[in-house]
Amino acid sequence: MQPNAIYAVCGFNDIPSRHAMGFHLMVVDDGGNHRPWSIIVVRWGKKVLGYVNECPHNSVNLDWERNQFLDPYGIRLMCGKHGSTFELGTGRCVEGPCKGRALTPIALTVLDGDICVVGVRLVEDDAAQNE
């Protein structure tokens with residue numbers, strides 16, 4: 001396993017500024033098992049932020065419709081199930097049933113025009129296509 005592996009998730013310009021997009025990936029855990037990993041990537045100007053797509057209140061995905069992660073004002077992440085809202089920069093819940101708890105952050109970087117996840121091992125497409 002490569003501890004500093006970097007995997008491209010999407011192009012930087014694939015997510016418009018002030019928008020969020022969800023991705024359903026597969027990670028390889030320490031035991032070599034594959035498990036689903038749903039993440040949210042937020043682009044705010046030149047900055048990218050990432051969180052695991054799981055509300056700390058009851059472990060449901062935040063999006064109530066595909067890629068609908070932001071509150072009506074477009075300034076916080078929002079859980080579509082119970083309306084909890086989270087600060088974009090910290091993932092901290094500021095309103096709702098999980099107030100005071102936080103989303104799990106993930107490490108992202110922008111490399112050669114791509115938004116990439118860092119520090120996890122993903123199932124790569126070519127390996128996943130062995131049928």
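We count residues from 1, following the sequence as given. All of these numbers come straight from a predicted model, not from anything done at the bench.
Without hydrogens or angle criteria, Asn61 side chain to Asp63 main chain gives no donor-acceptor distance under 3.5 Å. Not one N or O on the side chain of Arg66 forms a donor-acceptor pair closer than 3.5 Å with the backbone of Gln68.
Counting heavy atoms from C-beta on, the side chains of Cys98 and His82 never come closer than 4.5 Å. Proximity of Asp71 to Leu77: side-chain heavy atoms (C-beta onward) are nowhere separated by under 4.5 Å. Here the side chains of Arg43 and Asn13 are in contact, with some heavy-atom distance below 4.5 Å. Within the 4.5 Å cutoff, side-chain heavy atoms of Pro36 are placed close to those of Met26. Contact of the Trp37 side chain with the Val117 side chain is registered, since non-hydrogen atoms from C-beta on lie closer than 4.5 Å. Two residues are said to be in side-chain contact when any heavy atoms from C-beta on lie closer than 4.5 Å; Lys47 and Leu88 fail this criterion.
Note on Val48 and Phe69: separate hydrophobic clusters, where clusters join Ile, Leu, Val, Met, Phe, Trp and Tyr whose side-chain heavy atoms are under 4.5 Å apart, directly or indirectly. Note on Leu103: it does not cluster hydrophobically with Leu108, by side-chain heavy-atom contacts below 4.5 Å among ILVMFWY residues. Criterion: ILVMFWY side-chain heavy atoms under 4.5 Å apart, direct or through other members. Under it, Phe86 and Tyr51 are part of a common hydrophobic cluster. Cluster membership for Val120 and Leu25, using ILVMFWY side-chain heavy atoms within less than 4.5 angstrom, is shared. Residues Val42 and Ile115 fall into different hydrophobic clusters, defined by Ile, Leu, Val, Met, Phe, Trp and Tyr side chains chained together at heavy-atom separations under 4.5 Å.
Residue Cys79 forms a side chain to side chain contact (heavy atoms under 4.5 Å, CB included) with just one option from Cys55, Pro56, Pro97, and that option is Cys55.
Looking at every heavy atom in both residues, Ile15 comes nearest to Ala20 through CG2-N, 4.4 Å. Closest heavy-atom contact between Trp64 and Met78: CZ3-O, 3.7 Å.
Note that CG of Leu62 is 9.0 Å distant from CD of Glu54, once rounded to the nearest 0.5 Å. Distance check: Lys81 NZ to His57 NE2 gives 10.0 Å after rounding to the nearest 0.5 Å. The CG atom of Leu122 sits 11.5 Å away from atom CD1 of Ile6, with the distance rounded to the nearest 0.5 Å. The CZ atom of Phe12 sits 7.5 Å away from the OG atom of Ser17 when rounded to the nearest 0.5 Å. Taken from CZ in Arg101 to CZ in Arg92, the straight-line distance is 14.0 Å, to the nearest 0.5 Å. To the nearest 0.5 Å, atoms CG (Asp114) and OG1 (Thr109) are separated by 11.0 Å.
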